[in-house]
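Written below as structure tokens is the structure these notes are about.
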Amino acid sequence: MAEPLEAEIRRRIGLAGPMPISEFMSLCLGHPQHGYYVTRDPFGSSGDYVTSPEISQMFGELIGLWAAAVWRQMGAPAEVRLIELGPGRGTMMLDMLRAANVMPDFRKSVAVDLVETSPLLMERQKRTLGNLGIPIAWHASLADVPDGPAIIVANEFFDALPVNQAVKQADGWHERVVGIGEKDKLAFGIGPIALKFFAQTLPPQVRMAETGSIYEWRSDTQPLELGRRVVRGGGGALIVDYGHVESIIGDTFQALRGQRKADPLAAPGAADLTAHVDFQALGSTAEGLGARVHGPLDQATFLRRLGIEQRAINLKRVAPPDKASAIDVALGRLTAGGPTGMGSRFKVMGLSAPEIATLPGFEA
Ligand code: SAH
């Protein structure tokens, strides 16, 4: 017997035919009863994956100091919105606000807005952040956050937004879909009709790809909203995620379960689904609205420029001796290079209003 979400997906395919990857992903992650983020807390060492803020408090603290510096660059407005997209357990925001204590004027000016769709994680965020004496509001999407001067941060948010895939065929690009295949299993397929006007929108390096190539894009409007807000609010944004610096071809749609790669179609709703972030697409969307783009840089480079090494030394000085080595291990994980290291796989991109020429950490 199929699990309830798989049954629902099969029902929809039965009615309307194979569905785009984005629809499948959005059901698996966000279905109101059975979605992955709706039914579980995937973070931490026992969860499906561990994110940078869960590895060490240093990560959020440095980003908190980054935000305080951006606030200064904005002319230290008396009220600023500190917006986080997809805050998970609320750990990064907690560490950011603690670090902000060293700049009381900044801390006093802050109201926090959290963009979150999972009721379960919202509860978790309330527990983490509810007693700090800072106003906090929750929103389903960035578009729902009131306007005004804002600093926006997002770690591992954009990779969780639904992705579409197109496959190059002799007669053009076709949408990649999820349907019913052999032995009555969920299977990838290729939509019957070429996507109209699709090739014109592609960067040249993608347009020339060979038959069979896969190209990914996101139609979510939050990148547009991000650019608009940064420009209108005179502020800055920081996006940390894994992905590619330039738009390229390739299938990066993947499932993670118990910290291992899994078949994305195997257990709808029980595995985390992600796809790489296309930083070129994100950056040019914001640029098109008049924002300045900074980076992307490797996470390791960015964290070192913000002083993570010194921060680790200071923390070790006050830590009990048995905790000191854990600080070094965390530092190593956040800044590790090579194909699997978080320090090189994760990229950091800044966006700012045009009047802010450089953001902290991105200076050449
Ligand atoms: N930033 C956190 C969590 C990353 S996981 C960390 O680094 O630990 C992705 C987060 O985005 C989760 O909180 C998830 O519930 C939320 N999320 C996923 N899709 C979303 C969407 N479409 N709108 C709002 N939040 C979303």
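Note: hydrogens, waters and symmetry copies are ignored here, and every other heavy atom, side chains too, is used. Counting starts at 1 for both ligands and their atoms, following the listed order.
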Reported CG-to-CG distance for the pair D220 and L282, which is rounded to 0.5 angstrom: 10.0 Å
Heavy-atom nearest neighbour of atom 2 (C) of ligand 1 within options G60, G86, P162, A140: G86
Which segment of T51 sits under 4.0 Å of ligand 1 when only heavy atoms are counted: side chain
Closest protein heavy atom to atom 7 (O) of ligand 1, given as residue, atom name and distance to 0.1 Å: N155 ND2, 2.8 Å
Within 6.0 Å of CG in L15, more than 12 heavy atoms from elsewhere: yes
Pair listing, side chain to side chain donor-acceptor pair (under 3.5 Å) test, anchored in residues 355-364, at least two apart: none
Distance filter under 4.0 Å to Y49 heavy atoms, resulting ligand 1 atoms: 5 (S)
Where ligand 1 meets G88 - atom numbers and elements under 4.0 angstrom, heavy-atom basis: 2 (C), 3 (C), 13 (O)
Heavy-atom closest pair, residues L132 and R107: O-NH2, 3.2 Å
Side-chain H-bond candidate by donor/acceptor type, T252 with E216, under 3.5 Å: yes
R232: salt bridge (charged side-chain N to carboxylate O under 4.0 Å, His left out) partners, not counting sequence neighbours: D147
For ligand 1, the portion of L161 having any non-hydrogen atom under 4.0 Å away: side chain
Atoms of ligand 1, numbered as shown, that sit under 4.0 Å from any heavy atom of P53: 6 (C), 7 (O), 8 (O)
Closest protein heavy atom to atom 15 (O) of ligand 1, given as residue, atom name and distance to 0.1 Å: E116 OE2, 2.5 Å
Ring geometry between F253 and F188 (parallel below 30°, tilted from 30 to 60°, perpendicular above 60°): perpendicular
M92 touching ligand 1 at heavy-atom level, < 4.0 angstrom: no
Nearest candidate to atom 17 (N) of ligand 1, where distance is taken over non-hydrogen atoms, out of L29, I55, T117: T117
Region of L121 engaging ligand 1 - heavy atom pairs below 4.0 Å: side chain
Candidate list V153, L226, I151, I152, test side-chain contact (heavy atoms from CB on, under 4.5 Å), partner I83, passing option: I152
Closest protein heavy atom to atom 4 (C) of ligand 1, given as residue, atom name and distance to 0.1 Å: E156 O, 3.4 Å
